[in-house]
Amino acid sequence: MIYLEAFVAAILLLTIGTGYALDGPCVYYHKDITHSLSSKSVETAIWRQDVAIPTEISELRYPLLFQGAVPSDWMQDLRHPNKLETAVPHLRHVFTSKDRNFVYYDTSKPLVNATGVQIYPKHFVIPQMTTGDFIKSLQTENLGDDVEYHYYYYSGLFQLPVNGLSRFTVQESFPQHLRSSSDPEGKDKGRHQETNLWIGAARVVTNAHYDAYHNCFIQLHGHKRFLLLHPSQWWNMYVYPSLHPSDRQSQVNLDGSNFTHFPDFNPTSVLEAYLEEGDVLYVPPFWFHHVEAINISISLNVWSDSWEYRWINRLFKNAIPFYEKSWPKDKLIFVTQHFLKRLVPRILGVPSNFVYNFLKRQYSRILDVDEDLFICSQSTGKGIDQFLAPHLQQISSVFNSLPLNSRLILLANYLESAANIAVGVDNVVGFLKDCVS
């Protein structure tokens, strides 16, 4: 708990606990919910129920479990399956699967239709379902293992009566050196990004993934178990490519069922948190989290912008700043090749195999990286260094302002995005491997 000492004296509302022993609550665990990772418990703290989450929490960038942070009479209409039908008569986009491991899947991603790419959707979507039928499905599934489908629901709460959530919003200013002349005091603190409702049957798993937001996860009904890994573990998590429908998700199942496919998966530290009703877990940006429902579970979470998200989002809106629509395709490819090849060492500081290694980790089970080829331009281009200099300075300064852990994650995503613009999704891997690596 050393990491709290810097500001605990100034935040009297936090009273540090002794840590939550997970041995006791294991009685709730289903027999199949096991893992072979050594872990330690997330630190716990007391959070007074009448105050907002302290803004200093964003400086920790470390998970904290706030026990009993939600009053028992809060969100009564959402806190029990039998009452939920009155508050929310119908549910849109109910997920079903024969596999209890649910993996996020965005069909708008470019790799959905890419040539030669193996895509395995993990679940099916029911467009609309009455809440009563959904709850019956959960209760039937909870009776035993012999069920055909597992049910899970997720929704952005655009229409639900959710009040009193502002206290769960993390407000975070840009670091001092990144503040603009128009905001020298750091009053731009971001915004509440989204509130989500999660309902799932016993044993349902949300696969390990990271988000770029601050996450306050509120357990309303039932119990959940989190496994959390530091962003520095990204390199060994075999994350799906950013262009893939399951981007930000790890290809590794933390229950150990497919460890043999990922020889470099060897996390140095895993944190574990067990959430009871009324608990709130703070998950910092870019932390991987694997979530298991111990029994029928209803949860809310509040996402708030991180400064990294706000900072890098500006860059991704204009990933190739020098691109002009009037350029022929070969010119765009040529300039992008030279730009990215010069950019990577500016950010990483030393020559490395970063590009090739991240491609092997993210794409190796999707396509044959070494067989994917691209013919690169051999021309040096007259005046290319002078032309690219201001753009290299601009983009590298953005990345070099980021913490190292999120810098590597976002650099890999940026390289894929820029390559997709230049050569199209079918050629991203070959172009980055042969022309940029």
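Not measured: the values here are computed from a predicted model.
- Looking at residues two or more places apart in sequence or on another chain, you find a side chain to side chain donor-acceptor pair (under 3.5 Å) between Ser232 and His230.
- Residues passing the salt bridge (charged side-chain N to carboxylate O under 4.0 Å, His left out) test with Arg248 are Asp211, sequence neighbours excluded.
- Judged as a ring pair (Phe, Tyr, Trp, His ring centres under 6.0 Å), and not counting sequence neighbours, His290 has no contacts.
- With sequence neighbours excluded, no residue forms a ring pair (Phe, Tyr, Trp, His ring centres under 6.0 Å) with Tyr356.
- Partners of Asp434 according to the salt bridge (charged side-chain N to carboxylate O under 4.0 Å, His left out) rule, which considers only residues two or more places apart in sequence or in another chain, do not exist here.
- Qualifying side chain to side chain donor-acceptor pair (under 3.5 Å) partners for Glu416, counting only residues two or more places apart in sequence or in other chains: Ser242, Tyr363.
- Partners of Lys109 under the salt bridge (charged side-chain N to carboxylate O under 4.0 Å, His left out) rule, at least two apart in sequence or in another chain, are Asp247.
- With sequence neighbours excluded, the residues satisfying salt bridge (charged side-chain N to carboxylate O under 4.0 Å, His left out) with Lys360 are Asp370.
- Applying the ring pair (Phe, Tyr, Trp, His ring centres under 6.0 Å) test to Phe431 and every residue at least two apart in sequence or in another chain returns Phe374.
- Residues in residues 397-437 take part in these disulfide (SG to SG under 2.5 Å) pairs, two or more places apart or across chains: Cys376-Cys435.
- Partners of Cys216 according to the disulfide (SG to SG under 2.5 Å) rule, which considers only residues two or more places apart in sequence or in another chain, do not exist here.
- The ring pair (Phe, Tyr, Trp, His ring centres under 6.0 Å) test applied to Tyr210 returns Phe286, Phe288, not counting sequence neighbours.
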